[in-house]
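For reference, the structure is listed below as structure tokens.
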Amino acid sequence: QVQLVESGGGLVQAGGSLRLSCAASGGTLGSYRMGWFRQAPEKEREFVAAINRSGGMIRYTNSVKGRFTISRDNGKNTVYLQMNSLKPEDTAVYYCAADPGLVVTPSVDVDDYHYWGQGTQVTVSA
């Protein structure tokens, strides 16, 4: 069973950047399709970005397209989320998630992901 640990969150001004990392242990990251989700206070957890096992297929939610970049380094067992041009509405706890299923394409559905990290807080001030 894979364990996921996020890092890289923090407080940043609007327009700034952060890079989130998700380190996996107890499993080979290349066996999982991976996703980033976020949850703001009193809101549902929502999809942000997803990447398939090889890194050749990627999906983003519309609100982050052109600003966020998901990537993975299977050799380092790590997935990244580079976040640029941050906005106050990006403020949330960010979670990475792993799905061991056999589907090739990345998933935007929270219910497809079996393993979750503890989350890292991202706060964007106006």
**Request:** Classify the angle between the aromatic ring planes of Y94 and F68 as parallel (below 30°), tilted (30 to 60°) or perpendicular (above 60°).
**Result:** tilted

**Fill in**
OG (S54) and CG (N74) are apart, to the nearest 0.5 Å, by 8.5 Å

**Message:** For the CZ atom of R59 and the CD1 atom of I51, what is their distance to the nearest 0.5 Å?
**Reply:** 13.5 Å

**Prompt:** Would you say V93 and V110 are hydrophobically clustered, going by side-chain heavy atoms of ILVMFWY under 4.5 Å?
**Reply:** yes

**Prompt:** Say you draw a straight line from CG of L20 to OG of S7; how long is it, rounded to the nearest 0.5 Å?
**Reply:** 8.0 Å

**Intermediate values then yes/no, side chain to side chain donor-acceptor pair (under 3.5 Å), E89 and T91** = CA-CA 5 Å; E89 51 264 42; T91 295; over 6 Å; no

**Item:** Side chain T78, main chain K76, donor-acceptor under 3.5 Å
**Value:** yes

**Asked** In the single-linkage hydrophobic clustering (I, L, V, M, F, W, Y; side-chain heavy atoms under 4.5 Å), do V108 and V104 co-cluster?
**Response** no

**Request:** Considering non-hydrogen atoms only, spot the tightest contact between A49 and L81 and give its length.
**Result:** CB-CD1, 4.2 Å

**Fill in**
Closest non-hydrogen atoms of E6 and W36, given as atom of the first, atom of the second and distance, are CG-CZ3, 3.9 Å

**Message:** Tell me whether the NZ or CZ atom of R38 lies within the 45° cone about the ring axis of Y95 and under 6.0 Å from its centre.
**Reply:** no

**Message:** So, taking the atom named OG in S63 and the one named CZ in F47, what distance separates them when rounded to the nearest 0.5 Å?
**Reply:** 10.0 Å

**Prompt:** Where is the tightest heavy-atom contact between M34 and I70, given as atom of each residue plus distance?
**Reply:** O-CD1, 4.4 Å

**Prompt:** Any chance the rings of F37 and Y113 have centres within less than 6.0 Å?
**Reply:** yes

**Prompt:** If you take all heavy atoms of V5 and Q118, which pair is closest and at what distance?
**Reply:** CA-OE1, 3.7 Å

**Asked** Which heavy atom in A50 sits nearest to a heavy atom in S107, and how many Å separate them?
**Response** CB-O, 3.3 Å

**Fill in**
Nearest heavy-atom contact between S17 and S85 is OG-N, 4.3 Å

**Prompt:** Does one hydrophobic cluster hold both Y32 and I58, with members joined at side-chain heavy-atom distances below 4.5 Å?
**Reply:** yes

**Exam field: side chain R33 to backbone L102, donor-acceptor pair closer than 3.5 Å** = no

**Asked** When you measure from the side chain of N52 to the backbone N and O of G56, does any donor-acceptor pair fall under 3.5 Å?
**Response** yes

**Request:** Please say whether more than 12 non-hydrogen atoms of neighbouring residues, nucleotides or ligands are located less than 6.0 Å from CZ in R67.
**Result:** yes

**Prompt:** Linking I/L/V/M/F/W/Y whenever their side-chain heavy atoms sit closer than 4.5 Å, directly or via other members, would L18 and Y80 fall into one cluster?
**Reply:** no

**Fill in**
The reported gap from CG in L86 to OG1 in T123 (rounded to nearest 0.5 angstrom) is 10.5 Å

**Asked** Where the side chain of D99 meets the backbone of G35, is there a donor-acceptor pair that is under 3.5 Å apart?
**Response** no

